[in-house]
Amino acid sequence: MDALEKMLEWGGMRKDGAFLALSAAALLLSFAGIEPFGFDLAWGAVFFSGAPIICGAFLALVREHDIRADLLVSLALLASLAIGEIFAAGEIAFIMQLGAFLEEYTVGRARSGIERLVSLAPQMAWRIEGGKPVEIRADEVAVGDRLRVLAGEKIPADGRVLTGHTAVDEAVLTGESMPVDKNPGDEVRSGTLNQFGTFEMVAEKVGEEMALARLIRLVQEADAGKAKIVRLADRWATWIVVFALATSAIAWLVTGDVLRAVTVLVVFCPCALVLATPTAVMAAIGNAARRGFLVKEGDALERLARVTTIAFDKTGTLTKGRPQVTAVVPLVEGWSERRALALAAALESHSEHPLGRAIVAYCEGNKKALCTEAETFCMEDWISSDLHDIDILPGEGIAVREGETVRFAAGNARLLKRLGIRLTAHVAQASERQLDEGRAIVYLIEGDSVVALIALADTLRAGAKTMVRRLRKAGIRPALLTGDNACAAAMVAQSLDIEEIHAHCLPEDKLEIIEKFAAAGSRTAMIGDGINDAPALKSAFVGIAMAKTSDGIAADAADIVITQASVEGLPHLVALSRRMMKTIRWNLSFSLALNFLAIMLAVTGEIGPVLGALIHNTGSILVIISSALLLCWNPAEGKEEVRRPLPPAKGETDKKGLAKSSFFATMKENCMAADARVLEESCQRERVFGASFWSFLAKHSWG
């Protein structure tokens, strides 16, 4: 048995394609009456296409006690051969193998996401021995080791910073595109990238206890537990086989004509039934590809048609995943938006911080608007003037000195505290308005006064609001799963009319939420773009990844990949999947009805095996034509399916303590409570965020 199974698996799709080509050639030569070797060349199609079908049906029946559509095909093949209808047997075998080949092609290529995750783990580390760094293998790091991490290196273990200041890219674990500044005492985790600055740390967790190792394990477990959907033809195969055999036996017993019995088996051979699913799936995949969706799993669209909830990651999925200047607020007479922005850009041009680079990029992108004849405040003017004695203050910001006096500065609340600057009521009110909208703030300082605020935030993707509205119209409930803070998540959710929100989510939190949805009976699709989304993408009923913003591992973990930097076409994909399932059901119903009609004609002796084969092959052609219509299907050209929207979960509270049913009503109160600790560090009237996505400015460096 094992040897037979290995023989069938040998060669893969290349072998199957070659056998199909040989079978097609053999049938064409047989149809033309060419017999160069003295026998009907249709035997070639029987051998190359029929033998694998018979062997596969035999293995499934003996080893798994499973009756599949292949069993009926095998019976029809053997019966046709028994009465000498070689061409009919070869024709049946070829069409069946063609359907199987198309189905196998849509299953998707083998994925290497877990291997790519493993490759993220650092290979080497610097351990401090006797006051000097010694290079060792990362797997040799032990708990308590003092390690040195250089700029551009991956952190080799979970631990805490002892000395030094830096910014760490934690997207691999949290999905946050913004680097997080790290100071002595702050926690760092394995696999994350030290962007700039050398620091020393103490290792607290190593081996399988590290954050990256846990993430890899989550992906493996989620992949192992994800069941595949059985094709519709095999679901009905048992009843089809029983009915076909019973009808054939009755025809034989009643008429005494074995030819009629064989004809019944031939016409009942489920060629159209087998082609119904793969041809429709292939056509739908082609339609999706034209609109920027790469369907990797053959049954992904089948599952998507049954989805009732779609869970969105925020950063890089619903938003662009990068900070942009959203507002410049002058606070002192004599300071305009242009002047404030030009000065801030001049200061930040000396910085490598991502938010500083965002300010510089915004200034350069709007240079023509800023450098007008009426008000020529250009970044280059400031740079070429007297901004030379510059201090980069890690964890605080950047300042320009004249001797011991600070002339200009840009930074966060810690910088204000260092300079002894307290916010006036006017400035505090202006900053509160920006913080309430989930934005990060750069304070622009002249002397001992705050002269302007520059607000930065991640911005929504074009078409995101329309996309959510169309999904709701289709009866799908949206949910937001993000590693970001509650206020930033709430602002995005409110803009998109998403009521169910889960903030502060780590990879294991997202996986747990997806599993809770499944346990509650909700078939959930997960859409994300980061490595931290990979476990949830694997575990979800359907996983969808953003290719333009993802690192590749999320795309490997997903069933469907969006190849464009937009989610606007997602409602079309959902509608297409539902249309595909309607087409499949129609194909199945039509093929069965045609087979029943052919059976009646076969029982009465009106048709023989060859004509019966032609009838059911005509049905196969019509099924293929029906499926091909999906290639150019567009919901705008017909009635798009509208389902009654599902009600949002009521009274449900997530593990972070945020009541979803009244989230927006209590969001400001929750945000103020979360921010109180940080406010106390700067001044009584100042509000800043903690170390989360857009709001880490308050406790981290802008230098």
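Owing to the predicted nature of the structure, the values given are computational and were not obtained by experimental measurement. Counting begins at 1 with the first residue of the sequence.
Atoms CG and CD1, from L341 and I454 in turn, are 5.5 Å apart once rounded to the nearest 0.5 Å. Atom CG of L471 is separated from atom CZ of R477 by 13.0 Å, given to the nearest 0.5 angstrom. Interatomic distance, CD1 of I527 versus CG of D533, reported as 10.5 Å (0.5 Å rounding). Rounded to the nearest 0.5 angstrom, L481 CG and I501 CD1 are separated by 10.5 Å. A distance of 9.0 Å separates CD of Q324 from OG1 of T326, quoted to the nearest 0.5 Å. Taken from CG in N194 to CE in M201, the straight-line distance is 10.5 Å, to the nearest 0.5 Å.
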Please lay out, stage by stage, how R189 and D158 fare under the test side chain to side chain contact (heavy atoms under 4.5 Å, CB included).
CA-CA 4 Å; R189 290 179 284 186; D158 291 3; 3.7 Å; yes

Determine, step by step, whether L480 and K314 satisfy the side chain to side chain contact (heavy atoms under 4.5 Å, CB included) criterion, reporting the C-alpha distance in whole Å, the side-chain angles of both residues, the deciding distance to 0.1 Å, and the verdict.
CA-CA 7 Å; L480 183 63; K314 182 179 76 70; 3.9 Å; yes

What verdict does the side chain to side chain contact (heavy atoms under 4.5 Å, CB included) test give for V450 and L416, after you've listed the backbone C-alpha separation in whole Å, the side-chain angles of each residue and the deciding distance to 0.1 Å?
CA-CA 9 Å; V450 176; L416 297 180; 4.0 Å; yes

May I have the step-by-step check of side chain to side chain contact (heavy atoms under 4.5 Å, CB included) for L347 and I359, ending in yes or no?
CA-CA 10 Å; L347 291 171; I359 294 175; over 6 Å; no

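Within the 3.5 Å criterion, the main-chain N or O of L150 finds a donor-acceptor partner in the side chain of E153. R160 contributes a side-chain N or O that, together with a main-chain N or O of G185, makes up a donor-acceptor pair within less than 3.5 Å. For the pair R339 (side chain) and G334 (backbone), a donor-acceptor distance under 3.5 Å is present. Looking at D145, its side chain never comes within 3.5 Å of a backbone N or O of L147 through a donor-acceptor pair. With R461 contributing its side chain and T319 its backbone, the two residues share a donor-acceptor pair below 3.5 Å. No donor-acceptor pair under 3.5 Å is formed between the side chain of N183 and the backbone N or O of D186.
Two residues are said to be in side-chain contact when any heavy atoms from C-beta on lie closer than 4.5 Å; I155 and S190 fail this criterion. Taking 4.5 Å as the limit, some side-chain heavy atom of V567 sits within range of a side-chain heavy atom of M546. Using a 4.5 Å heavy-atom threshold, the side chains of D509 and L511 count as separate.
Heavy-atom neighbours of E135 CD from other residues, nucleotides or ligands within 6.0 Å: above the threshold of 12. Remark: D391 CG is packed, more than 12 non-hydrogen atoms of other residues, nucleotides or ligands lying under 6.0 Å away.
In this structure, D313 pairs ionically with K510, as a charged nitrogen and a carboxylate oxygen lie closer than 4.0 Å.
When all heavy atoms of L537 and I544 are compared, the pair lying nearest together is CD2-O, 3.3 Å. Between L496 and V468, the shortest heavy-atom distance links the atoms O-CG1, 3.3 Å. Contact detail for G463 and E568: the closest heavy-atom pair is CA-CD, 3.9 Å. Smallest separation of non-hydrogen atoms from L193 and G152: CD1-O, 3.4 Å.
If you run side-chain contact (heavy atoms from CB on, under 4.5 Å) between P571 and each of M467, R469, R472, only M467 comes through.
Checked against salt bridge (charged side-chain N to carboxylate O under 4.0 Å, His left out), R146 has the following partners two or more places apart in sequence or in another chain: E200.
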